[in-house]
Amino acid sequence: DIQMTQSPSTLAASVGDRVTITCRASQTITSWLAWYQQKPGKAPKLLIYKASSLDSGVPSRFSGSGSGTEFTLTISSLQPDDFATYYCQQYDSFPTFGGGTKVEI
Amino acid sequence: QLQLQESGPGMMNPSETLSLTCSVSGGSTRSSSYYWGWIRQSPGKGLEWIGSIYYTWDTYYNPSLKSRVTMSVDTSKNQFSLKLSSVTAADTAVYYCATHSQYYDAFHIWGQGTMVTVSS
C-alpha cells in the first residue's frame with residue numbers, strides 16, 4: 001500500500017489567512033493526487049485532482065501543487081465556509097487517503 | 001447532474017453479511033464513462049477504499065478486504081451493490097458510494113453516506 005501522511009493534523013487559522021496543508025506519499029505517485037474537503041455529517045467533496053487541477057465550481061482561492069512524493073494544498077484567503085477537514089488521496093495504485101487536516105478557528 | 005444515494009441496514013450483528021445498494025440518477029450504470037466505487041469512513045481507520053466496478057462487471061478490490069467483498073451492478077434498476085461478509089465491530093463505519101472516470105482515479109461524485117453499526 002502507498003501510505004499518505006498529512007501535516008499538520010490540526011490547524012488554527014483566521015478568516016483571510018493563507019493556509020497550506022502538506023501531504024507526503026510513501027513512494028512516488030507522479031501527479032496522481034486529489035484533495036477533498038469534508039464538513040461534519042457530509043461526504044467528502046472533490047476540490048483538486050491530478051495534483052493541481054481545480055474541479056468544476058471550486059473557488060480559485062484553492063490551489064494544489066507538487067509531484068513525486070510531496071504535495072501541498074493552499075487556500076489563499078481563508079473564508080468562513082472553508083473551516084472543515086481536508087484529505088489527500090493518491091491514485092497511482094489502489095486508492096489510499098491521508099489522515100486528514102482539520103482547519104479550525 | 002449525476003447523483004448517488006446509498007441504502008443499507010443501519011444495524012447488524014457480528015458474522016452477518018452486509019448488503020448495501022447505491023441508486024444512480026442523472027446517469028446510467030450502463031455508461032462506459034463511469035466506474036462505480038465504495039469507500040468507508042470510520043474513526044479508527046479514516047477513509048478506506050473498498051472496491052470499484054465497471055459496467056462490464058470488471059471488479060477490483062482493496063487487498064485488505066478482498067476475501068470478504070463482492071460487488072455487482074444491476075443495470076435494469078440503475079443500481080450497484082456491495083456485499084461484505086463476516087462483519088465485525090471493525091466494519092462499523094459510514095459507507096459511501098462514489099463515481100470515478102478511470103480505473104484508478106479521484107472520486108468526483110459521492111453519495112451522502114449511510115451509517116452501518118455492527119454490534120451484538
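Every chain is numbered from 1 and lettered A, B, ... according to where its sequence line falls, protein lines coming before strand lines.
Met71(B) and Leu18(B) fall within the same hydrophobic cluster, where Ile, Leu, Val, Met, Phe, Trp and Tyr residues are linked whenever their side-chain heavy atoms come under 4.5 Å apart, directly or through other members. Under the 4.5 Å side-chain heavy-atom criterion for Ile, Leu, Val, Met, Phe, Trp and Tyr, Phe94(A) and Ile29(A) are members of distinct hydrophobic clusters. Placement of Leu11(A) and Leu47(A) within a single hydrophobic cluster is found when ILVMFWY residues are connected by side-chain heavy-atom separations under 4.5 Å, directly or transitively. A continuous path of ILVMFWY side-chain contacts below 4.5 Å connects Val58(A) to Leu78(A), so both sit in one hydrophobic cluster. The cluster map of Ile, Leu, Val, Met, Phe, Trp and Tyr, joined by side-chain heavy atoms under 4.5 Å apart, puts Met12(B) and Ile50(B) in the same cluster.
Nearest heavy-atom pair, Ala34(A) versus Ala106(B), reported as atom, atom and distance to 0.1 Å: CB-CB, 3.7 Å.
With a 4.5 Å cut-off on non-hydrogen atoms, Ile109(B) does not touch chain A at all.
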Show me, pair by pair, the donor and acceptor atoms from chain A and chain B that are under 3.5 Å apart.
residue, atom, partner, partner atom, Å
Tyr36(A), OH, Phe107(B), N, 2.8
Gln38(A), OE1, Gln41(B), NE2, 2.9
Gln38(A), NE2, Gln41(B), OE1, 2.9
Gln38(A), NE2, Tyr96(B), OH, 3.3
Lys42(A), O, Tyr96(B), OH, 3.3
Tyr87(A), OH, Gln41(B), NE2, 3.3
Gln89(A), NE2, Asp105(B), O, 3.2

